[in-house]
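Heads up: the structure comes next, in structure tokens.
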Amino acid sequence: MQLRSGFVLLALGALVATPALASDKQDFETCDGRVHPGKQSDGMRGEARESGYSFGLSRNQLPAVVIGACTRALASPRLLPGQTLRRVHLLRARAAAQLESGDAAKALADLDLARAAAGGLAADRFYHRSMGVSLDLLRALALAGSGDVAGALPLAQAAQAARPYSVDVQRVAATVLQAGRPLGTASPSPWLAGTRLTPKSGMLALVKEAEIGNFAGVVAQAPGVKIDWPAAPLASDKFVVLNVGSEMIVGTMVTLHVAYARAATGDPAGARRELAALRSRVTAARPAATPQSATRFSFGGMTWEALDRYIDTRGRQVEARIAVAEARVPEAIAALVAAQMPNDAATIELMGALKAAVPAKDAALVPDVTSFSKALAEERQKALRGMASEALLAPETPRAVVDYERARPNILGALVGGALSLGTSLLGGIDRTDGFRTKANPDGTTKVEFIGNTPSSALVQEMTLLRAAEVARAAGKPAFVIVDRNDYTRRLTTSRGGVPISSVAQGFKTELTIRPVDAGVEPERALDAVTIIDALGPLYYEEKQKV
């Protein structure tokens, strides 16, 4: 992901100046994260950095600062006429900031300028699969955000097809496709494809079905979602950390979605079981009370008090839907009296079901859903704007692939040149200094990892997947299932007085735990090894060869 922002060292007043001064060097970094272009042919000096400047601004302020810096950088004489890629890079950064600010029209105008500025670069395959796909994703987000979903969907689908093995591309494209799904639709989920690459995204796919009110889809997906509930009470200061604590919060949310979905699809007994099991698990995980436990808060986390409020609110929603399903309309209305319902598809469905169940004379007792529908539409718009930074793929060039070639042995040559007896040399592992490492696990799975200093996380993800495909073929299997996945970013962070002022990505790492399988096994999750080799091999191998 390409990041943009400026330095904390500059005053806001300095950033709004328009003439090209000595300090305008900072405008480039504030705009797209890279230092001023110098005389390099493409102008892409340095690696993109995330700066501490953003910590002093709210999310509403930051886009305006970035837009101003980009405008000045684009007009600066430091940007030479031949530095086409940097010009496109700056225009893309301004388009993303326009999108984040809610101005889809200006974002589309900048994307038009970026496309025109690219010129002959558009024919380059590395540009097309990185910057080209990125510009298409941003355009899709802007079109969907402005109401032109019909124009956005083909762009999102094309991006998915162009980078089928990029987790970020698949997530952004799925967000656009989700915007084209009306409430209550049972259309195929755009999120399920991501479960092949990231097993834990099964939870996300379920949540997205709940978001559009496809409750039959939620029930259908529930058996495939595994929640790692805490096995013992949590320490009071550990609830909000991003391992057990986050699993607890996500598990609570998913279980409540499933409980409501069961009630809405005619299974009130199943809904009761889900609620009872959830409350039992939360009770078992609750830490011993301390004076701080009721008010403890951590950035990105949730207090126990907040979790209790969430369960109470959603629990009322589920119980009201159970009452409607069992024709206990007065009890359903009583459950909703003075209760604040969430702005979600479940509330809209609940009100519709309740209105259909009450006598005509009591229809006025059921709240109107207009405000809920409006709030839900606003949440969709917010989700689209929030994907702008995810769509900023790092530019890729042949130089990145050269770096990979130096980091890897001739794996394909080993496969083709006699190693189709398969199995020993590859599964034994490749030294970490070569970038790759492969380890066979006792349970029959294999851990495959790749560490790369490339500026593109998508390239590291693809190379790891390619290596996994080779390992599956080396094991004599035509396909493999990703059992677990972890993606890491190594950063160099600079601080002043303990406050971060700059952070630069130094490289990326992807770990895949795979299980080689026979043809036809787990077809909803298995990846075909030869398909991956055919798709990625021509880009990364020294010579085009097929297994």
Heavy-atom closest contact ([X] atom, [Y] atom, distance):
X: A142; Y: A107; answer: CB-CB, 4.4 Å
X: E274; Y: R262; answer: OE2-NE, 3.1 Å
X: A357; Y: V329; answer: CB-CG2, 3.7 Å
X: R321; Y: A263; answer: CG-CB, 3.8 Å
X: P164; Y: L197; answer: O-CD1, 3.5 Å
X: A388; Y: A96; answer: CB-O, 3.9 Å

I'd like to check [X] versus [Y] (side-chain heavy atoms, cut-off strictly below 4.5 Å). Are they in contact?
X: R490; Y: K509; answer: no
X: Q461; Y: M463; answer: no
X: V207; Y: V254; answer: yes
X: F450; Y: T438; answer: no
X: I532; Y: F480; answer: yes
X: E326; Y: E331; answer: no
X: T347; Y: Y260; answer: no
X: D484; Y: E511; answer: no

Salt bridge between [X] and [Y], side-chain N to carboxylate O under 4.0 Å?
X: E209; Y: R181; result: yes
X: E378; Y: K382; result: no
X: R171; Y: D168; result: yes
X: E319; Y: R279; result: yes
X: E462; Y: R163; result: yes

Derivation of the side chain to side chain contact (heavy atoms under 4.5 Å, CB included) call for V521 and V481: CA-CA 9 Å; V521 174; V481 170; 5.9 Å; no
[X] side-chain N/O to [Y] backbone N/O, donor-acceptor pair under 3.5 Å:
X: S134; Y: S130; value: no
X: R380; Y: A179; value: yes
X: Q170; Y: Q160; value: yes
X: T313; Y: Y310; value: no
X: D443; Y: T445; value: yes

[X] [atom1] to [Y] [atom2] distance, which is reported to the nearest 0.5 Å:
X: I482; Y: I514; atom1: CD1; atom2: CD1; value: 8.0 Å
X: L393; Y: R92; atom1: CG; atom2: CZ; value: 6.5 Å
X: D487; Y: T510; atom1: CG; atom2: OG1; value: 4.0 Å
X: S201; Y: L206; atom1: OG; atom2: CG; value: 11.5 Å
X: R196; Y: R485; atom1: CZ; atom2: CZ; value: 14.5 Å
X: L192; Y: R525; atom1: CG; atom2: CZ; value: 12.0 Å

Verify side chain to side chain contact (heavy atoms under 4.5 Å, CB included) between L141 and V176, making sure each step is shown before the conclusion. CA-CA 6 Å; L141 291 169; V176 175; 3.6 Å; yes
Under 6.0 Å from the NZ atom of K355, do we count more than 12 heavy atoms belonging to anything else shown?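 More than 12 within 6.0 Å, yes.
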Around atom CD of Q340, are there more than 12 heavy atoms from other residues, nucleotides or ligands closer than 6.0 Å?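 Incorrect, the count does not exceed 12.
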Evaluate side chain to side chain contact (heavy atoms under 4.5 Å, CB included) for E100 paired with L62, printing each intermediate quantity in order. CA-CA 9 Å; E100 289 176 338; L62 186 57; 6.0 Å; no
Report the C-alpha separation of D267 and T265 in whole Å, then their side-chain angles, then the decisive distance to 0.1 Å, and conclude whether the side chain to side chain donor-acceptor pair (under 3.5 Å) test is met. CA-CA 6 Å; D267 181 15; T265 54; over 6 Å; no
Could you give me the CA-CA distance, side-chain angles and deciding distance for M203 and I227, then say whether side chain to side chain contact (heavy atoms under 4.5 Å, CB included) is met? CA-CA 9 Å; M203 285 188 184; I227 301 170; 3.7 Å; yes
Does the salt bridge (charged side-chain N to carboxylate O under 4.0 Å, His left out) test come out yes or no for K200 and D228, once each step is laid out? CA-CA 11 Å; K200 290 182 180 178; D228 295 324; 5.8 Å; no
Side chains of S146 and D148 only: does a donor on one sit below 3.5 Å from an acceptor on the other?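 S146 vs D148: no donor-acceptor pair found between side chains.
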For the pair D136 and R139, evaluate salt bridge (charged side-chain N to carboxylate O under 4.0 Å, His left out) and give the outcome as yes or no after the intermediate values. CA-CA 5 Å; D136 282 348; R139 183 176 294 277; 5.3 Å; no
